[in-house]
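Remember, it's 1-based here, ligands and their atoms both numbered in the order they're listed. Below, all heavy atoms of this structure are taken into account, side chains as well, without hydrogens, waters or symmetry copies.
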Amino acid sequence: MSGVAKQAGLQVNEVYGVATFYSYLPVAPTGKNVIKVCKCVPCSLKDVPEVVAGIRKAIGVAPGQTTADGKFSLEMVNCIGACDQAPAMMINDTLYGNLTPAKIADILSTY
Ligand code: FES
């Protein structure tokens, strides 16, 4: 970000503000598989806390963290465009909708 700021004639905080606006632009190292759980209202109204609890139980880290083996990162993100399948999450580029805590272990076992 310092290099980009210098090249563009901007302050580093301006570059940081743009880089962190989109959840799809990581500004720190992530795990091999990035789990992005939608935190917006339509999903939140349909059991997101229970889904996140299931993920936390399965991989042992909280949102914003990466597992010690680097296999998974867990992030809470804004709408991923699957509101009709709420609650929804993405793992890397794959969408999973209509989630329930019971589905989480099966989904994660494929990674
Ligand atoms: S509100 Fe969750 S995918 Fe749109």
Side-chain angles (χ1 to χ4, degrees):
M1 284 188 262
S2 296
V4 170
K6 185 175 181 181
Q7 192 74 25
L10 300 169
Q11 298 296 313
V12 174
N13 66 330
E14 294 174 291
V15 175
Y16 181 82
V18 171
T20 57
F21 181 79
Y22 296 102
S23 60
Y24 287 87
L25 298 175
V27 295
T30 62
K32 179 179 178 185
N33 302 295
V34 180
I35 304 167
K36 295 175 187 266
V37 180
C38 176
K39 65 180 178 182
C40 289
V41 172
C43 282
S44 293
L45 291 174
K46 294 190 76 177
D47 302 333
V48 163
E50 291 81 1
V51 167
V52 172
I55 296 169
R56 290 183 68 164
K57 182 178 177 184
I59 66 172
V61 297
Q65 297 179 333
T66 298
T67 57
D69 63 2
K71 190 172 180 181
F72 291 105
S73 291
L74 175 57
E75 300 176 3
M76 301 301 294
V77 300
N78 289 320
C79 182
I80 55 176
C83 316
D84 61 323
Q85 301 175 53
M89 70 176 182
M90 292 188 75
I91 302 180
N92 304 324
D93 294 327
T94 303
L95 174 70
Y96 297 93
N98 301 308
L99 295 171
T100 65
K103 292 181 178 177
I104 295 301
D106 286 344
I107 292 170
L108 294 178
S109 71
T110 65
Y111 287 85

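- Close approach to A82 involves these atoms of ligand 1, each under 4.0 Å from a residue heavy atom: 3 (S).
- The closest approach between a heavy atom of A86 and any atom of ligand 1 is not below 4.0 Å.
- Judged by distance alone, with hydrogens and angles left aside, the side-chain atoms of K103 form a donor-acceptor pair with the main-chain N or O of N98 at under 3.5 Å.
- Heavy-atom neighbours of Y96 OH from other residues, nucleotides or ligands within 6.0 Å: above the threshold of 12.
- Each of the following atoms of ligand 1 lies closer than 4.0 Å to a heavy atom of C40: 1 (S).
- Residue C38 approaches ligand 1 through these ligand atoms, each under 4.0 Å from one of its heavy atoms: 1 (S), 2 (Fe), 3 (S).
- Under a 4.0 Å criterion applied to the non-hydrogen atoms of P42, ligand 1 contributes the atoms 1 (S).
- Metal site remark for atom 2 (Fe) of ligand 1: C83 contributes no N, O or S atom at a distance under 2.8 Å.
- Exactly one residue among T30, T67, T66 makes a side chain to side chain donor-acceptor pair (under 3.5 Å) with S73. That residue is T66.
- Rounding to the nearest 0.5 angstrom, the gap separating the CG atom in N78 from the NZ atom in K36 is 11.0 Å.
- Looking at heavy atoms from C-beta onward, M89 lies in side-chain contact with I107 at the 4.5 angstrom threshold.
- Close approach of ligand 1 to I80 is summarised as follows: ligand atoms under 4.0 Å from at least one heavy atom of the residue are 3 (S).
- Atom 2 (Fe) of ligand 1 has no N, O or S atom of C79 inside 2.8 Å of it.
- Heavy atoms only, all atoms of each residue included: A86 and P42 are closest at CB-O, 3.7 Å.
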